[in-house]
2 protein chains.
Amino acid sequence: MLQLTRDGEYAVRAVLHLAAHEDRVSLIHEISEAQDVPKSYLSKIMQSLTRAGIVKSRRGAKGGFFLARPAGSITLRETIEAVEGPIHLNVCLIKKGECPKDEGCPVHPVWREAQKKLFEVLEGKTMQDLVRDAEAIQKRNSRKLAQAR
Amino acid sequence: MLQLTRDGEYAVRAVLHLAAHEDRVSLIHEISEAQDVPKSYLSKIMQSLTRAGIVKSRRGAKGGFFLARPAGSITLRETIEAVEGPIHLNVCLIKKGECPKDEGCPVHPVWREAQKKLFEVLEGKTMQDLVRDAEAIQKRNSRKLAQAR
DNA sequence: ATATTTAAGATGATTTTAGTCCTGATTTAT
DNA sequence: ATAAATCAGGACTAAAATCATCTTAAATAT
């Protein structure tokens, strides 16, 4: 459907949560509540993120999740692909031979271009950027609220 | 899966075929063979394209399909959305209220930007452009073939 | 030991995808 | 008038993807 799945959306929310609380570990339960993601489902998402090397986990008491690397080095694209697999806007971009025409198809370069542009946007934002953006939005909203009084 | 479905791919092939043979009507059977699309499936695709006002049809002997408008006025985006419905890279772009955070979400503007970029690419190519591109590729390939001899 | 957490795998309901097939409506040719 | 050619529309289906849930195992802190 040319649309991000829940997997990708939930992964972004989870990593963003960890990025906003980089100083400590976060529990599945906590992330689930704060980010509005079903707990048992989130558990699967976190497993993928761990395997992808984006987050790390510690089991047992005092355990939980935390970023494996600085938030400034984790992009949206990386986070999404960790749970959804590599993004290919059209099957013809997966590899040679997926399209009958393949070379010789005039639409192929258009999809390549579209995907490149998409990647530029998704790679242009790190989790650190997004945490800062969220803070800015927060500040703007509370100022608005103060004015309304 | 953030990927174009067969519907969209087939629609593009079909409209491209009509654009390359704008002087006459094309049969389902013919398009199916030439563009490698299952015949009975293509029938559905053509119905959507007709309803969307991109192609016109005539029934009966000497009937078939043809473009409803000049190929230069039909974009890739339009063709795809005719069969897949409006493109929304993320559910949060469908309308307000689809996302729990909605306003206040720092990721939302990123998706808006990504979608804008995608639309720019898909709207920047008309069916006329693509037919010309295909001809250029054809010419280049036959020149290469001649050199190889 | 025990309580707390994540890891991994099995399972399942619902929706989407990617088709097929049949009947009917329309148009043209004879 | 009738037959032949074509598209229109709807019913149907198999397989895959989506979006979860649940249970058991493993690791860790106290």
Side-chain angles (χ1 to χ4, degrees), chain A residues 1-14 17-18 24-33 35-68 80 83-85 87-88 90-91 98 100, chain B residues 1-14 17-18 24-33 35-68 80 82-85 87-88 90-91 98:
Chain A
M1 219 197 326
L2 206 43
Q3 189 172 87
L4 193 75
T5 65
R6 298 284 78 195
D7 283 36
E9 170 70 18
Y10 292 162
V12 171
R13 291 190 204 173
H17 185 93
L18 296 187
R24 56 176 181 81
V25 302
S26 301
L27 304 185
I28 288 263
H29 176 74
E30 172 201 335
I31 304 172
S32 161
E33 297 248 308
Q35 304 298 321
D36 198 32
V37 178
K39 205 168 83 172
S40 58
Y41 196 36
L42 178 60
S43 162
K44 291 296 167 196
I45 302 286
M46 298 311 291
Q47 281 177 37
S48 297
L49 291 171
T50 304
R51 276 189 228 103
I54 291 173
V55 313
K56 281 189 179 168
S57 68
R58 208 170 42 227
R59 306 216 262 217
K62 295 285 170 71
F65 294 91
F66 51 98
L67 294 187
I80 291 165
V83 294
E84 301 216 339
I87 291 171
H88 304 288
N90 193 338
V91 291
E98 290 295 327
Chain B
M1 219 200 321
L2 207 40
Q3 189 171 86
L4 193 75
T5 64
R6 299 285 77 197
D7 283 37
E9 170 71 18
Y10 292 163
V12 170
R13 290 190 205 176
H17 185 92
L18 297 187
R24 57 177 181 79
V25 302
S26 302
L27 304 183
I28 287 264
H29 176 74
E30 172 201 335
I31 305 171
S32 161
E33 299 247 308
Q35 303 298 320
D36 198 33
V37 179
K39 205 167 83 172
S40 58
Y41 196 36
L42 178 60
S43 162
K44 293 294 166 197
I45 303 287
M46 298 312 290
Q47 280 177 39
S48 297
L49 291 171
T50 304
R51 277 190 226 103
I54 292 173
V55 313
K56 280 188 178 168
S57 69
R58 208 167 44 225
R59 303 214 265 214
K62 295 286 169 75
F65 294 91
F66 51 98
L67 293 187
I80 291 166
V83 295
E84 301 216 339
I87 291 171
H88 304 288
N90 193 338
V91 291
E98 290 295 327

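Keep in mind that the numbers below use all heavy atoms, side chains included, and drop hydrogens, waters and symmetry copies. Keep in mind it's a predicted model, so treat the numbers as computed, not measured. So you know, we letter chains A, B, ... as the sequences are listed, proteins then strands, and number each from 1.
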> For B:Y10, which residues count as a ring-ring contact (aromatic ring centres under 6.0 Å, His included) partner, sequence neighbours excluded?
Replying inline: B:Y41
> Of all residues at least two apart in sequence or in a different chain, which pass the side-chain contact (heavy atoms from CB on, under 4.5 Å) check with B:K62?
Replying inline: none
> What residues form a side-chain hydrogen bond (donor to acceptor under 3.5 Å, both in side chains) with B:E84, not counting sequence neighbours?
Replying inline: B:T5
> Partners of B:H17 by ring-ring contact (aromatic ring centres under 6.0 Å, His included), sequence neighbours excluded?
Replying inline: B:H21
When you compare the protein's N or O atoms with those of nucleotides 28-30 of chain C, which come within less than 3.5 Å of each other, and at what distance?
unit_1, atom_1, unit_2, atom_2, d
C:dA29, OP1, B:K62, NZ, 3.2

> Is there side-chain contact between A:M46 and A:I31, with heavy atoms separated by less than 4.5 Å?
Replying inline: yes
> A:F65 pairs by side-chain contact (heavy atoms from CB on, under 4.5 Å) with which of A:L27, A:T50, A:L49?
Replying inline: A:T50
>> Restricting to salt bridge (Lys or Arg N to Asp or Glu O under 4.0 Å), what partner residues turn up for A:E30, sequence neighbours left out?
In response: A:R24
> Got a sec? Which of residues 45-57 of chain A come in under 4.0 Å of DNA chain D, heavy atoms?
Replying inline: none
> Distance-only, no hydrogens or angles: does the A:Q3 side chain make a donor-acceptor pair with backbone N or O of B:H88 under 3.5 Å?
Replying inline: yes
> How long is the span from the CG atom in B:L18 to the CD atom in B:Q35, to the nearest 0.5 Å?
Replying inline: 9.0 Å
> Just how far, in rounded Å, is P of C:dC21 from CG of B:L42?
Replying inline: 15 Å
>> How bent is the helix from C:dA1-D:dT30 to C:dT30-D:dA1, measuring the angle between the end axes built from five pairs each, rounded to 10°?
In response: 10°
> Hey, does the side chain of B:S32 reach the backbone of B:V37 with a donor-acceptor pair shorter than 3.5 angstrom?
Replying inline: yes
>> Less than 4.5 Å apart, side chain to side chain, heavy atoms only: is that true for A:K44 and A:D7?
In response: no
> With sequence neighbours left out, what residues match B:R51 under side-chain hydrogen bond (donor to acceptor under 3.5 Å, both in side chains)?
Replying inline: B:Q47
> Taking side chain as C-beta onward, heavy atoms only, is A:R13 less than 4.5 Å from A:D36?
Replying inline: yes
>> Of all nucleotides in DNA chain D that come within under 4.0 Å of a heavy atom of chain A, which is furthest toward the 5' end and which toward the 3' end?
In response: D:dT18 to D:dT30
Every protein N/O within reach of nucleotides 10-17 of chain C N/O, cut-off under 3.5 Å:
unit_1, atom_1, unit_2, atom_2, d
C:dT17, OP1, A:M1, N, 3.2

> Taking C-beta and beyond as the side chain, do A:V25 and A:R58 meet within less than 4.5 Å on heavy atoms?
Replying inline: yes
>> If the condition is side-chain contact (heavy atoms from CB on, under 4.5 Å), which residues does B:A52 pass it with, not counting sequence neighbours?
In response: B:I54, B:A82
